[in-house]
Amino acid sequence: GYSEGILNSIGACGKFKRTNDFILKAWESVVRIFLSDFIASSENAKMVADQIKEVLSTHSVETEPDVSSLFKLMVHICEDEGKLTSKFQLHLTNLSAQDDTCKLWVKFTLEDCLPYIGLYIAMRSGNWNLRLYSIKEMAALFSAYDRITYQRLIPRHIAELLRAPP
């Protein structure tokens with residue numbers, strides 16, 4: 001549903017709001033597909049689906065109304081004691097081993113885009129530790145993709161935070 005002009009704008013990161021919206025929607029779509037596949041392939045599919053529904057209904061994150069319930073699930077998965085996380089990650093590892101395209105999307109979902117998603121959630125929920133972690137993880141991406149301005153600004157910002165009083 002995107003025209004060529006809009007896709008060029010997103011590719012060039014010309015309009016922040018549009019690019020941000022596109023990244024969030026792409027990430028959420030891929031995660032939804034992985035979750036659906038995980039539930040469908042699970043021997044205990046009903047139990048897994050019930051766990052996910054329970055997380056979505058009980059885990060509260062104070063965010064703007066437009067933030068998806070999937071973000072709440074991802075916050076919970078990051079803070080989970082490993083029950084659901086390990087099964088889901090094992091499923092994604094198995095998918096990655098079978099197909100290179102799937103491997104690309106798993107890497108996008110869990111490594112490349114997750115710091116950005118974490119920063120988005122942190123900014124809207126006031127989670128300071130998640131914010132710091134996300135910025136630290138994104139610093140490596142700025143260097144890898146040769147983003148000179150951010151390569152300079154992020155280390156300075158982290159250094160200033162280290163000097164700040166608790």
Side-chain angles (χ1 to χ4, degrees), residues 1-3 6-7 9-11 13 15-127 129-145 147:
Y2 291 98
S3 69
I6 291 175
L7 289 175
S9 171
I10 290 169
C13 298
K15 300 215 180 217
F16 174 78
K17 186 175 180 178
R18 182 181 290 157
T19 304
N20 177 63
D21 188 47
F22 180 81
I23 290 171
L24 295 175
K25 286 180 179 178
W27 180 83
E28 186 173 349
S29 299
V30 173
V31 171
R32 284 184 185 275
I33 290 168
F34 284 144
L35 281 172
S36 297
D37 188 59
F38 173 58
I39 291 169
S41 68
S42 175
E43 301 132 10
N44 305 321
K46 181 161 175 30
M47 182 187 73
V48 171
D50 289 344
Q51 279 181 311
I52 291 171
K53 286 177 188 172
E54 179 185 339
V55 168
L56 292 174
S57 66
T58 62
H59 196 278
S60 64
V61 176
E62 299 206 10
T63 58
E64 294 178 356
D66 67 322
V67 177
S68 169
S69 58
L70 184 60
F71 288 127
K72 290 197 284 185
L73 176 64
M74 291 310 291
V75 168
H76 179 75
I77 286 175
C78 292
E79 297 170 350
D80 188 16
E81 288 98 36
K83 294 173 266 186
L84 188 59
T85 307
S86 60
K87 293 176 188 174
F88 183 58
Q89 288 194 343
L90 180 64
H91 177 72
L92 294 180
T93 303
N94 292 339
L95 287 176
S96 295
Q98 295 171 6
D99 184 40
D100 286 340
T101 304
C102 197
K103 185 176 186 176
L104 169 88
W105 286 109
V106 168
K107 186 175 181 335
F108 167 78
T109 304
L110 298 179
E111 294 175 28
D112 298 337
C113 198
L114 201 57
Y116 187 81
I117 301 297
L119 184 62
Y120 182 82
I121 293 169
M123 300 289 258
R124 280 145 184 83
S125 66
N127 188 332
N129 290 329
L130 181 59
R131 180 187 177 278
L132 292 178
Y133 177 79
S134 298
I135 288 173
K136 182 181 154 201
E137 290 296 310
M138 290 172 74
L141 293 174
F142 296 138
S143 294
Y145 292 104
R147 299 294 182 214

What residues form a side chain to side chain donor-acceptor pair (under 3.5 Å) with Asn94, not counting sequence neighbours?
none
Neighbour count above 12 (heavy atom, 6.0 Å) for Phe108 CZ:
yes
Taking every heavy atom of Trp27 against every heavy atom of Thr109, the minimum-distance pair comes out as NE1-O, 3.1 Å
How far apart are the closest heavy atoms of Ala122 and Arg131, and which atoms are they?
CB-N, 3.4 Å
Give the C-alpha distance, both sets of side-chain angles, the deciding distance and a yes or no for side-chain contact (heavy atoms from CB on, under 4.5 Å) between Glu28 and Leu24.
CA-CA 6 Å; Glu28 186 173 349; Leu24 295 175; over 6 Å; no
Closest non-hydrogen atoms of Ser96 and Cys102, given as atom of the first, atom of the second and distance, are OG-O, 4.3 Å
Of all heavy-atom pairs between Ile23 and Cys113, which one has the smallest distance, and what is that distance?
CG2-SG, 3.6 Å
To the nearest 0.5 angstrom, please state how far the CG atom of Asp37 sits from the NE2 atom of His91.
3.5 Å
Can you list every pair that meets salt bridge (Lys or Arg N to Asp or Glu O under 4.0 Å) and has a residue in residues 112-123, with sequence neighbours left out?
Lys107-Asp112
For the atom pair CD1 (Ile135) and CG (Leu130), what is the distance rounded to the nearest 0.5 Å?
10.0 Å
Set of residues satisfying side chain to side chain contact (heavy atoms under 4.5 Å, CB included) with respect to Leu92, sequence neighbours excluded
Phe34, Phe88, Leu95, Val106, Leu110
Give the minimum heavy-atom separation between Met138 and Tyr116, together with the two atoms involved.
CE-CD1, 3.9 Å
What is the distance from atom OG1 of Thr93 to atom CD of Gln98, rounded to the nearest 0.5 Å?
11.0 Å
Roughly how far apart are Ser134 OG and Ile117 CD1, rounded to 0.5 Å?
9.5 Å
